[in-house]
Engineer: 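For reference, the structure I am asking about is given below.
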Protein chains: 2
Amino acid sequence: MQKDTGTEQLILRNAEQIFYLRGFDGARMQEIADRSGINKALVHYYYRSKARLFDAVFVAALQRLLPPLVGVLNSEMALEKKIDAFVEAYFSMVSSHPFMPGFVIQEMHRNPAVFRKFAGESGLLDLGKLNRQLEAGVAEGRYRNIAVEQFVINLLAFCAFPFIARQAIQAFGAFDDKRFEQILDERRSSIPGWMAEMLGPGALPEKRQTSRGAEQP
Amino acid sequence: MQKDTGTEQLILRNAEQIFYLRGFDGARMQEIADRSGINKALVHYYYRSKARLFDAVFVAALQRLLPPLVGVLNSEMALEKKIDAFVEAYFSMVSSHPFMPGFVIQEMHRNPAVFRKFAGESGLLDLGKLNRQLEAGVAEGRYRNIAVEQFVINLLAFCAFPFIARQAIQAFGAFDDKRFEQILDERRSSIPGWMAEMLGPGALPEKRQTSRGAEQP
DNA sequence: TTTTATGTTAACCTTGTGGTTAAACCAAGC
DNA sequence: GCTTGGTTTAACCACAAGGTTAACATAAAA
């Protein structure tokens, strides 16, 4: 009785593309249907309304984006290892879904409530544990003092900002796509070093960066 | 003959608010008219179309946002002073127009061309000069080596990211508005120190930060 | 006072859009 | 063969949204 030709998934995949490109308000149900090669009514058959379809897309995006990152930050790794792992997780995630950062930021601005709800459900970030790691480092004289909140914001800013502001950066620096990818690669290997330098002179001594090109684990 | 009751400016001001809240696609000409207390046709009388009105808003926003920042970076100040001035300029600009960062990012994503055009017109950022300052510092052994592009991206990321991602940060950290403002204040005074630490052990020795609270010039 | 150019409005037009409906399609079970 | 139930479509609907028009208001110029 059930044909299950994967239409539902097909719609979701195409909806993701359209919603990314145009945002919720700019997206058209017709375009999603066209791109999926089906009738518009069929989209409504599976996802009752535009809002529900968007929710499905948004939740799917967040579920792909957040758990790996939160997982790393909540893990038992040493702080230096954590930074490495976080950067690696972020860049690899974004390289397969380059639209995600901009999309999430954009739509979160349009509808903060949805995000707040999701943030509550999916295991909250454990700032307490990170804080203990930072304080331990300070006690041992390895780190300068820095508030956990600022630490996390800085790490995230380093990773996410270039993707979010890509258009602006490219326009202003007159970077073509190839050059920008280069810059991103450079960041991927440089961020851990920058974070270490920010934390203090004792951090990550084996990875101290003094040259432009940078090593990678 | 000309009455000039300031209607044109009135429309622009209200359009800014609406476009910020809803983005281009989400904004309604009717809502802009309503908020301005005038007829919808009058909006079209002054600004022929939604697109033109939006352009006016966008250009006005960029003209308020960019010149002060580019001005600082292109100036003759010493690098440490430049960082201070940039942070100060950014935070003071944003504190009077908190919507701007998110708005610019969002709409630049929707229409990169407009931004590219504007970036070309309004005096481009002079990376060459900044680069010379960085290289001079390296030659004197005061700075570690860092690519200009990365330096600028990092500075901008430090300043802009919290405003752009505010909703996400607040949702995840469960920060209320008051706490978030606190965090922003803390950043405003901490960023120069972080940038200095990133640049190298010799930078900004008189401002090296070792405590959570930080001084302000 | 009449003219004239600018401001302003109510009413209207056209198109696009999210959403619905009723009918057709089609594979499996009887 | 015929029913059955999920799947798919063409046609349709209501209404919202951008934009236009023609008339009206008003203050300065003639």
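Within every chain, numbering begins at 1; the chains are lettered A, B, ... in the order of the sequence lines, protein sequences first and strands thereafter.
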Engineer: Output all residues satisfying side chain to side chain contact (heavy atoms under 4.5 Å, CB included) with A:D25, sequence neighbours left out; order by chain, then residue number.
Structural biologist: A:R110, B:D25
Engineer: Roughly, in whole Å, what's the span from CG in B:N39 to C1' in C:dC12?
Structural biologist: 12 Å
Engineer: Going by number, which of residues 13-27 of chain B have a non-hydrogen atom under 4.0 Å from DNA chain D?
Structural biologist: B:A27
Engineer: Hey, can you pull the residues of residues 28-37 of chain B with a non-hydrogen atom under 4.0 angstrom from DNA chain C?
Structural biologist: none
Engineer: Run the side-chain hydrogen bond (donor to acceptor under 3.5 Å, both in side chains) check on B:Q30 and B:D34 step by step: do they pass?
Structural biologist: CA-CA 6 Å; B:Q30 187 62 56; B:D34 290 348; 2.9 Å; yes
Engineer: Separation of A:H44 atom NE2 from D:dC13 atom P, in whole Å?
Structural biologist: 17 Å
Engineer: For the side chain of B:L42, starting at C-beta, report the closest nucleotide among C:dG18, D:dT7, C:dT9.
Structural biologist: C:dT9
Engineer: Whole angstroms only, please: what is the CD1-P distance between B:I38 and C:dT8?
Structural biologist: 8 Å
Engineer: According to side chain to side chain contact (heavy atoms under 4.5 Å, CB included), who are the partners of A:S92, at least two apart in sequence or on a separate chain?
Structural biologist: A:R188
Engineer: Counting heavy atoms from C-beta on, name the nucleotide in D:dT20, C:dG19, D:dT8 closest to the side chain of B:A41.
Structural biologist: D:dT20
Engineer: Using the benzene-type ring in the case of Trp, are the ring centres of A:F103 and A:F58 under 6.0 Å apart?
Structural biologist: yes
Engineer: Relative to each other, are the rings of B:F24 and B:F54 parallel, tilted or perpendicular (30° and 60° limits)?
Structural biologist: perpendicular
Engineer: Kindly calculate the angle separating the two end axes of the helix from C:dT1-D:dA30 to C:dC30-D:dG1, each obtained from five base pairs, and round it to 10 degrees.
Structural biologist: 20°
Engineer: Would one find a side-chain N or O of A:T7 under 4.0 angstrom from OP1 or OP2 of D:dT8?
Structural biologist: yes
Engineer: Let me know the distance between OH of B:Y46 and P of C:dT6, rounded to the nearest Å.
Structural biologist: 11 Å
Engineer: Is it the case that the ring center of A:F163 lies less than 6.0 angstrom away from the ring center of A:F91?
Structural biologist: yes
Engineer: Which residues pass the side-chain hydrogen bond (donor to acceptor under 3.5 Å, both in side chains) test with A:Q106, sequence neighbours left out?
Structural biologist: none
Engineer: Check the distance between C:dC12's P and B:K40's NZ and give it to me in whole angstrom.
Structural biologist: 13 Å
Engineer: So how far is it from A:I38 CD1 to A:Y46 OH, rounded to the nearest 0.5 Å?
Structural biologist: 8.0 Å
Engineer: Can you pull out every salt bridge (Lys or Arg N to Asp or Glu O under 4.0 Å) where at least one residue sits in residues 43-58 of chain B? Sequence neighbours excluded, please.
Structural biologist: none
Engineer: Considering residues at least two apart in sequence or located in another chain, which fulfil the side chain to side chain contact (heavy atoms under 4.5 Å, CB included) criterion with B:S95?
Structural biologist: none
Engineer: Can you tell me the distance, in whole Å, between the CD atom of A:E8 and the P atom of D:dG6?
Structural biologist: 14 Å
Engineer: Please report, rounded to the nearest Å, how far the C1' atom of D:dC24 is from the OH atom of B:Y45.
Structural biologist: 14 Å
Engineer: Can you name the side chain to side chain contact (heavy atoms under 4.5 Å, CB included) partners of A:R179, sequence neighbours left out?
Structural biologist: A:F175, A:D176, A:Q182, A:I183, B:E149
Engineer: For A:F99, give me all partners under ring pair (Phe, Tyr, Trp, His ring centres under 6.0 Å), at least two apart in sequence or on another chain.
Structural biologist: A:Y20, A:H97
Engineer: Within residues 48-57 of chain A, find the residues that approach DNA chain D with a heavy atom at under 4.0 Å, and present them sorted by residue number.
Structural biologist: none
Engineer: Ring centres of B:F161 and A:F161 under 6.0 Å apart?
Structural biologist: no
Engineer: Could you list all the side chain to side chain donor-acceptor pair (under 3.5 Å) pairs where at least one residue sits in residues 158-174 of chain A, not counting sequence neighbours?
Structural biologist: A:R166-A:Q170, A:R166-A:E181, A:Q170-A:D177
